[in-house]
Engineer: 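This is the structure, below, for whatever I ask next.
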Amino acid sequence: MSPPEEPATEPAAEPVDVATNLADVLAAIAAAAVAAGRAPEDAALVAVSKTQPAEAILLAIQAGQRRFGENRVQEAQSKWPALKAGHEDLRLHLIGPLQTNKVRDAVALFDVIETVDRPKLARALAREMEKQGRRLDCFIQVNTGEEAQKAGVWPDAVDDFVALVRDELGLSVRGLMCIPPVDEECSLHFALLREIARRNGLHELSMGMSADYEVAIQFGATLVRVGTAIFGARRLYP
Ligand SMILES: *Cc1c(COP(=O)(O)O)cnc(C)c1O
């Protein structure tokens, strides 16, 4: 006898109160900044809305959130033109890997690219921004854990890469971004990112996610990227 079939439906999502979660995260960010001797508004929230439907995102917009992060160009294109149309002050961050064949779409839609990590991409971005007359803020993604499968410039190559992207290509490099390895003490990676930024004269640090954004703020994060703590568990990719 064969075992009973699993039902083929997606498990029902738990009810999520986006506005309350958002308020809680914003309060925790401000408290973490103050605890670190910084101003409460020193670390800004990028609400990571990947896989979340437009209705959930709209709740966050209505609650006053203005910075959002998406990790896939195509998914963002399907949701954000309509959301942006009613809200000119929204700032959309690309926080996932960018293929050069998506650079044109990314430059047209996003306001900040957090994942600049190789010369070919940096050159394509510089050309496309020139062409579209859009000068996006950029972050260089650093692979602080030197993980083979992960995107990002390795720590010992960042200084040269900053020189290329900022000084030679003239991109508006605001700072550095990292995603620490899941199984390592995150604070070591945050401290490393801060040190690399310092020696390159960069002032912004995008680091910290739902599980560790308060630690990141303690180590100088100016942007934290928080998804599940606001929107609940990720949905299946559309
Ligand atoms: C998904 C994602 C986040 C948010 O992660 P949560 O654990 O849901 O807060 C942050 N940064 C990047 C690059 C991501 O892909």
Side-chain angles (χ1 to χ4, degrees), residues 13-14 16-29 32 43-53 56-57 59-60 63 65-77 79-80 91-99 102 106 109-118 121 136-147 149-153 174-187 189-190 192-193 204-238:
E14 284 177 37
V16 173
D17 184 344
V18 170
T20 300
N21 290 346
L22 179 65
D24 289 348
V25 169
L26 287 170
I29 288 172
L45 170 65
V46 178
V48 176
S49 52
K50 65 190 188 200
T51 81
Q52 302 295 342
I57 299 171
L59 293 174
Q65 178 61 26
R66 288 297 178 267
R67 267 181 207 272
F68 290 87
E70 291 277 348
N71 69 336
R72 295 182 177 194
V73 176
Q74 230 171 337
E75 184 193 342
Q77 275 181 313
K79 294 190 295 197
W80 282 94
R91 303 267 293 161
L92 191 58
H93 292 225
L94 178 64
I95 61 170
L98 178 56
Q99 308 302 323
K102 298 269 174 63
L109 179 63
F110 287 89
D111 302 290
V112 181
I113 307 286
E114 294 205 20
T115 50
V116 182
D117 68 351
R118 55 199 194 279
L121 173 61
L136 278 58
D137 286 346
C138 293
F139 285 70
I140 288 168
Q141 182 175 356
V142 181
N143 187 350
T144 56
E146 305 186 355
E147 296 172 279
Q149 81 286 5
K150 199 171 269 177
V153 185
R174 314 297 304 191
L176 305 178
M177 176 271 216
C178 76
I179 309 169
V182 284
D183 54 351
E184 286 182 28
E185 175 53 48
C186 60
S187 58
H189 296 272
F190 297 152
L192 174 60
L193 198 71
E204 301 261 352
L205 293 171
S206 173
M207 57 192 197
M209 321 204 317
S210 290
D212 53 19
Y213 66 91
E214 287 158 300
V215 179
I217 290 168
Q218 195 183 327
F219 281 83
T222 60
L223 289 174
V224 293
R225 308 177 309 267
V226 179
T228 48
I230 297 166
F231 294 106
R234 278 190 266 290
R235 319 293 176 92
L236 296 180
Y237 271 105

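For ligands, and for the atoms within them, numbers begin at 1 and follow the listed sequence. This chain uses plain numbering: 1 for the first residue, then up along the sequence.
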Engineer: Based purely on interatomic distance, does N71 place a nitrogen or oxygen under 3.5 Å from a nitrogen or oxygen of ligand 1?
Structural biologist: no
Engineer: Decide yes or no for Q65 and V18: does some side-chain heavy atom of the first lie under 4.5 Å from some side-chain heavy atom of the second?
Structural biologist: no
Engineer: Decide, yes or no, whether a salt bridge links R72 with E75 under the criterion of side-chain N to carboxylate O below 4.0 Å.
Structural biologist: no
Engineer: Is it true that a side-chain atom of K50 and a backbone atom of G96 form a donor plus acceptor pair closer than 3.5 Å?
Structural biologist: no
Engineer: Verify the distance criterion only: is there a donor paired with an acceptor across the side chains of Q141 and T115 at less than 3.5 Å?
Structural biologist: no
Engineer: State the atoms of ligand 1, each with its element, that fall below the 4.0 Å cut-off from a heavy-atom position in G227.
Structural biologist: 4 (C), 6 (P), 8 (O), 9 (O)
Engineer: Going by the atom numbers of ligand 1, which of them fall below 4.0 Å from some non-hydrogen atom of I179?
Structural biologist: 13 (C)
Engineer: Quick one: which of Q141, K50, R225 has a heavy atom closest to atom 2 (C) of ligand 1?
Structural biologist: K50
Engineer: Would you say that V226 contacts L45 through its side chain, given a criterion of any heavy-atom pair below 4.5 Å between the two side chains?
Structural biologist: yes
Engineer: Which atoms of ligand 1 sit under 4.0 Å from any heavy atom of S210?
Structural biologist: 6 (P), 7 (O), 8 (O), 9 (O)
Engineer: Closest by any non-hydrogen atom to atom 13 (C) of ligand 1: pick that one out of V46, I95, D212, V224.
Structural biologist: I95
Engineer: If you define the side chain from C-beta out and look only at heavy atoms, does anything of L193 sit under 4.5 Å from F219?
Structural biologist: no
Engineer: Atoms of ligand 1 less than 4.0 Å from V226 heavy atoms?
Structural biologist: 9 (O)
Engineer: Counting heavy atoms only, which of M177, E70, R234, M209 is nearest atom 3 (C) of ligand 1?
Structural biologist: M209
